[in-house]
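What follows is a set of notes on a single structure, which appears directly below.
Counting starts at 1 for both ligands and their atoms, following the listed order. One-based numbering along the sequence shown.
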Amino acid sequence: MKDILDAIQSPDSTSADFANLPLPESYRAITVHKDETEMFAGISTRDKDPRKSLHLDDVPLPELGPGEALVAVMASSVNYNSVWTSIFEPLPTFGFLERYGRLSELTKRHDLPYHIIGSDLAGVVLRTGPGVNAWKPGDEVVAHCLSVELESSDGHNDTMLDPEQRIWGFETNFGGLAEIALVKSNQLMPKPGHLSWEEAAAPGLVNSTAYRQLVSRNGAGMKQGDNVLIWGASGGLGSYATQFALAGGANPICVVSSPQKAEICRAMGAEAIIDRNAEGYKFWKDENTQDPKEWKRFGKRIRELTGGEDIDIVFEHPGRETFGASVFVTRKGGTITTCASTSGYMHEYDNRYLWMSLKRIIGSHFANYREAWEANRLIAKGKIHPTLSKTYSLEETGQAAFDVHRNLHQGKVGVLCLAPEEGLGVRDEELRAKHIDAINRFRNI
Ligand SMILES: C/C=C/C(=O)SCCNC(=O)CCNC(=O)[C@H](O)C(C)(C)COP(=O)(O)OP(=O)(O)OC[C@H]1O[C@@H](n2cnc3c(N)ncnc32)[C@H](O)[C@@H]1OP(=O)(O)O
Ligand SMILES: NC(=O)C1=CN([C@@H]2O[C@H](COP(=O)(O)OP(=O)(O)OC[C@H]3O[C@@H](n4cnc5c(N)ncnc54)[C@H](OP(=O)(O)O)[C@@H]3O)[C@@H](O)[C@H]2O)C=CC1
């Protein structure tokens, strides 16, 4: 592994040098174990502790198949899907690996008693499998997390609709929270040259998801002037949704839970900010009963901030706790676009407000190949910036996932895999200097 790292850090290394480097038989990776899926039985979701279930293991290098690449991972990031994996909710991810393993001789590799997790990476291609021509050893890359087979016509217009669509490192094995990762070569995209490894690894999953959910015609198709209600506006998804709204000439109404988070939104350029904690919204009177008076109070506050206008698009992901309010505050003909249900997936809302006011709910999930590429292009051009607040070592991944689970983090949390320190891998100092304040906006807060 040291030779790999030396080659990555040497400015003189050629593609042939990387191709000739011997690959290690094993590498270090963050895993969950199949024989531990019941370890949190009887414990509340909040108290399930990722530090107990996430392990740093030495694992054998997987065989490289056609159309695939092995990548030396310099940095990765923690996504909420890794939190779900680590607490075995809503179901253990081993079922996904078993199902994938039944697909073909090659996919059998994924069905193991351990699951190497992680759905982001920035690193360097080490080897490519047969049929890969666009990438070669030594290429500096990021990887998006859409894994598809594309053998069915269902996914040929929109690759997210492939019946064998999977999220790499969640529904497949050999993810990015590791020293080496296995990806399909179609997941690879150029690493933005003005960012360090950990900065480049941070946006991938959430940036692409926010792009489809909010900007793409497959999602809400946001346009100039739209009032966009963004839950968790300084969090993983929300910090990119806020940037897309601002960059696209829309008006983000940012919901956060502390003055510090409100300040981050202000620093990004948002003006309309609601501190849900300070304003004490209680959309549920008890576990089973919502309080429409609170929806109205929330809507009134939004009208104060918008000069009397209602919401064109809600960027939803908290789910059960907020969904009733989200449907209510949307304007006639407006859109609620949802990609998650962090607080519970059995939503309740008053359907009269949906049909009588001709609103629509759009389900959105990650991004297709093209959308992921377009989202990465915006990062590479310095139009949208990483929202990395803090990095951890690979050994500390459990703590990093704990922070995200407990909502103790800001923006995105990074993990250094092979990178010995932060700040390495920058190739375009000029573009970096132009955007340095925005790149550092979330750091150390
Ligand atoms: C990029 C980052 C993203 C995120 O962070 S997202 C957040 C994390 N992700 C999650 O929380 C999602 C985790 N996944 C799940 O919870 C489950 O994955 C799903 C609920 C999405 C799906 O459940 P399942 O059990 O895997 O699949 P089924 O489709 O429910 O299959 C069960 C059986 O139901 C049959 N079935 C499906 N549709 C129909 C239909 N329309 N009519 C009749 N039957 C149907 C199937 O065939 C199958 O059957 P048979 O068990 O016999 O094989
Ligand atoms: N389908 C897909 O493709 C994707 C789905 N997801 C899912 O989206 C969800 C959010 O992911 P991500 O943004 O990365 O996570 P983060 O934890 O980084 O951010 C979410 C933010 O939402 C806010 N929030 C959390 N719970 C509530 C609640 N009950 N009511 C109101 N606001 C709440 C919090 O902000 P604050 O406290 O400031 O209000 C929190 O910081 C996760 O469930 C994740 O699995 C994520 C990416 C892709």
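Atom 43 (O) of ligand 2 has its closest protein heavy atom at T342 OG1, 2.8 Å. Scanning the protein for heavy atoms near atom 3 (O) of ligand 2, the closest one is F366 N, 2.7 Å. For atom 28 (C) of ligand 2, the closest heavy atom belonging to the protein is P318 CB, 3.8 Å. Given atom 45 (O) of ligand 2, the protein heavy atom at minimum distance is W84 NE1, 2.9 Å. Of the protein's non-hydrogen atoms, A340 CB, 3.3 Å is the one closest to atom 7 (C) of ligand 2. The protein atom (non-hydrogen) at minimum distance from atom 11 (O) of ligand 2 is L237 CD1, 3.8 Å.
Using modelled atom types, no side-chain atom of D158 and backbone atom of N368 make a donor-acceptor pair closer than 3.5 Å. Using modelled atom types, one side-chain atom of D312 and one backbone atom of N227 make a donor-acceptor pair closer than 3.5 Å.
Judged by the shortest distance from any of its heavy atoms, H409 lies inside the 4.0 Å radius around the atoms of ligand 2. Distances shorter than 4.0 angstrom occur between a heavy atom of T322 and an atom of ligand 2.
Y369 and H144 have their aromatic ring centers within a separation under 6.0 angstrom. You'll find the ring centres of H33 and Y114 outside the 6.0 Å limit. For W84 and Y80, the ring centers sit closer than 6.0 Å to each other.
With distances taken over non-hydrogen atoms, the option nearest atom 2 (C) of ligand 2 out of K261, H365, H317 is H365. The residue among N407, V206, T209 with a heavy atom at the shortest distance from atom 41 (O) of ligand 2 is N407. For atom 1 (N) of ligand 2, the nearest non-hydrogen atom from the set C339, S364, S341 belongs to C339.
The side-chain heavy atoms of F328 and Y349, taken from C-beta on, include no pair separated by under 4.5 Å. Side-chain atoms of P292 and D350, non-hydrogen and from C-beta on, never get closer than 4.5 Å to each other. No side-chain heavy atom of T31 sits under 4.5 Å from any side-chain heavy atom of L54.
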One line per pair, note the atom names and distance for all nitrogen or oxygen contacts under 3.5 Å between ligand 1 and the protein.
| from | atom 1 | to | atom 2 | distance (Å) |
| --- | --- | --- | --- | --- |
| ligand 1 | 26 (O) | R99 | NH2 | 3.1 |

Side-chain polar contacts of residues 200-208 - donor-acceptor pairs under 3.5 angstrom, sequence neighbours left out - could you list them?
| from | atom 1 | to | atom 2 | distance (Å) |
| --- | --- | --- | --- | --- |
| N207 | ND2 | A375 | O | 3.1 |
| S208 | OG | G204 | O | 2.7 |

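Those atoms of ligand 2 that come under 4.0 Å of a heavy atom in G236, given as number and element, are 13 (O), 14 (O), 16 (P), 18 (O), 19 (O). Near G235, meaning under 4.0 Å from any of its heavy atoms, are these atoms of ligand 2: 18 (O), 19 (O). Each of the atoms 21 (C), 22 (O), 23 (C), 35 (O) of ligand 2 lies under 4.0 Å from some heavy atom of G232. Within ligand 2, the atoms closer than 4.0 Å to a non-hydrogen atom of V256 are 38 (O), 39 (O), numbered from 1 in the order shown.
Using bins of under 30°, 30° to 60° and over 60° for the plane-to-plane angle, the ring pair W231/F283 lands in the perpendicular bin.
In terms of polar-atom proximity, Y80 is not counted as a contact of ligand 2, lacking any N or O under 3.5 Å from an N or O of the ligand. Considering both main-chain and side-chain atoms, S257 comes within under 3.5 Å of ligand 2 through a nitrogen or oxygen pair. For L205, no nitrogen or oxygen atom sits less than 3.5 Å from a nitrogen or oxygen atom of ligand 2, counting backbone and side chain alike. Taking distance alone, with nitrogen or oxygen atoms compared against 3.5 Å, R276 approaches ligand 2 more closely than that limit.
Here the OH atom belonging to Y211 is positioned 12.5 Å from the OG atom belonging to S364, to the nearest 0.5 angstrom.
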* **Audit row: E68, S185, side-chain hydrogen bond (donor to acceptor under 3.5 Å, both in side chains) steps and yes/no** => CA-CA 5 Å; E68 294 179 341; S185 68; over 6 Å; no
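A cation-pi contact links K191 to W197, judged by a cut-off of 6.0 Å to the six-membered ring centre and 45° from its axis. Because its NZ or CZ atom is not both nearer than 6.0 Å to the ring centre of Y281 and within 45° of the ring axis, R276 does not count as a cation-pi partner of that residue.
Across every non-hydrogen atom of E309 and I302, the tightest pair is O-CG2, 4.1 Å.
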